[in-house]
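Below is one structure, written out as structure tokens; the observations come after it.
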Amino acid sequence: LGFRIFGQQLTGTLPTELAALPFLQRISLAYNELTGTIPPEYANIKHLLDIEFHGNMLIGSIPPEYFEPDAMSLVNFNVGDNLLSGSLDTRIGLMTDLKGLHIFENNLEGNFPT
């Protein structure tokens, strides 16, 4: 089950209401004009495998809830080409199902956790 609105000049913030869909596997809202932060509520979607938010104007850091041991089992996490800041949580190395991590073209700082 997926939710995809790709390249449609969608404005506003990422909808927290998507977290109420427990069997959602994919959220793709890439190449729009979305602003605001990445909702921490998405970490509660247990079946979520794929997040694609690249090509927007998202700010803030990646929520620490995404790195909790009981959070979703992401395979692909694409937040490239935004305005994200801060550093990556060191627990990213514990995300053993993660195959694609796209964080390019942001304002992230620090060393990549190993």
Please list, chain by chain and in numerical order, all residues satisfying salt bridge (charged side-chain N to carboxylate O under 4.0 Å, His left out) with [X], sequence neighbours excluded.
{"X": "Arg4", "answer": "none"}
{"X": "Glu68", "answer": "Arg91"}
{"X": "Asp81", "answer": "none"}

[X]: which residues meet the side-chain contact (heavy atoms from CB on, under 4.5 Å) condition with it, sequence neighbours left out?
{"X": "Leu10", "result": "Ile5, Leu29, Asn32, Leu34"}
{"X": "Glu52", "result": "Ser28, Asp50, His54, Asn76, Asn78"}
{"X": "Asn44", "result": "none"}

*Quick one: which residue pairs count as a ring-ring contact (aromatic ring centres under 6.0 Å, His included) with a foot in residues 80-99, not counting sequence neighbours?*
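Not a single pair qualifies under ring-ring contact (aromatic ring centres under 6.0 Å, His included).
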Taking a hydrophobic cluster as the set of Ile, Leu, Val, Met, Phe, Trp and Tyr residues connected by side-chain heavy atoms closer than 4.5 Å, whether directly or through intermediates, do [X] and [Y] fall within one such cluster?
{"X": "Tyr66", "Y": "Leu83", "value": "no"}
{"X": "Phe53", "Y": "Ile92", "value": "yes"}
{"X": "Met95", "Y": "Leu108", "value": "yes"}

*Test side chain to side chain contact (heavy atoms under 4.5 Å, CB included) applied to Ile38 and Ile51, step by step*: CA-CA 11 Å; Ile38 299 173; Ile51 288 179; over 6 Å; no
Between [X] and [Y], what is the shortest heavy-atom contact and its length?
{"X": "Leu58", "Y": "Asn82", "value": "N-OD1, 3.0 Å"}
{"X": "Leu98", "Y": "Gly100", "value": "CD1-O, 3.5 Å"}
{"X": "Asn56", "Y": "Tyr31", "value": "ND2-N, 4.1 Å"}

_salt bridge (Lys or Arg N to Asp or Glu O under 4.0 Å) contacts touching residues 29-48 (sequence neighbours left out)_ =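 The answer is none; no pair qualifies.
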*Show the numbers, then the answer: is there a side chain to side chain contact (heavy atoms under 4.5 Å, CB included) between Leu48 and Ile27?*
CA-CA 8 Å; Leu48 193 57; Ile27 303 174; 4.0 Å; yes
_Between Thr11 and Thr35, is the side chain to side chain contact (heavy atoms under 4.5 Å, CB included) condition met? List the steps._
CA-CA 7 Å; Thr11 61; Thr35 58; over 6 Å; no
_Run the ring pair (Phe, Tyr, Trp, His ring centres under 6.0 Å) test against Phe104 and tell me which residues pass, sequence neighbours left out._
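For Phe104 there are no ring pair (Phe, Tyr, Trp, His ring centres under 6.0 Å) partners, ignoring immediate neighbours.
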_If the condition is ring pair (Phe, Tyr, Trp, His ring centres under 6.0 Å), which residues does Phe67 pass it with, not counting sequence neighbours?_
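Once residues adjacent in sequence are excluded, Phe67 has no partner under the ring pair (Phe, Tyr, Trp, His ring centres under 6.0 Å) criterion.
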*Residues in side chain to side chain donor-acceptor pair (under 3.5 Å) contact with Asn106, at least two apart in sequence or another chain*: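 In terms of side chain to side chain donor-acceptor pair (under 3.5 Å), with neighbours along the sequence ignored, Asn106 is linked to no residue.
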*Spacing of CG belonging to Leu84 relative to CG belonging to Asn107, to within rounding of 0.5 Å*: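 Spacing of CG (Leu84) from CG (Asn107) equals 8.5 Å.
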*Distance in Å, Ile62 CD1 paired with Ser85 OG, rounded so as to fall on 0.5 Å steps*: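 If I round to the nearest 0.5 Å, the distance is 10.0 Å.
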*asked:* Atom CG of residue position Asp97 - does it have more than 12 heavy atoms of other residues, nucleotides or ligands inside 6.0 Å?
replied: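 Enclosed.
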Name each donor-acceptor pair under 3.5 Å that joins a side chain in residues 13-26 to protein atoms two or more places apart or in another chain, with its distance.
{"unit_1": "Gln25", "atom_1": "OE1", "unit_2": "Leu1", "atom_2": "N", "d": "3.4"}

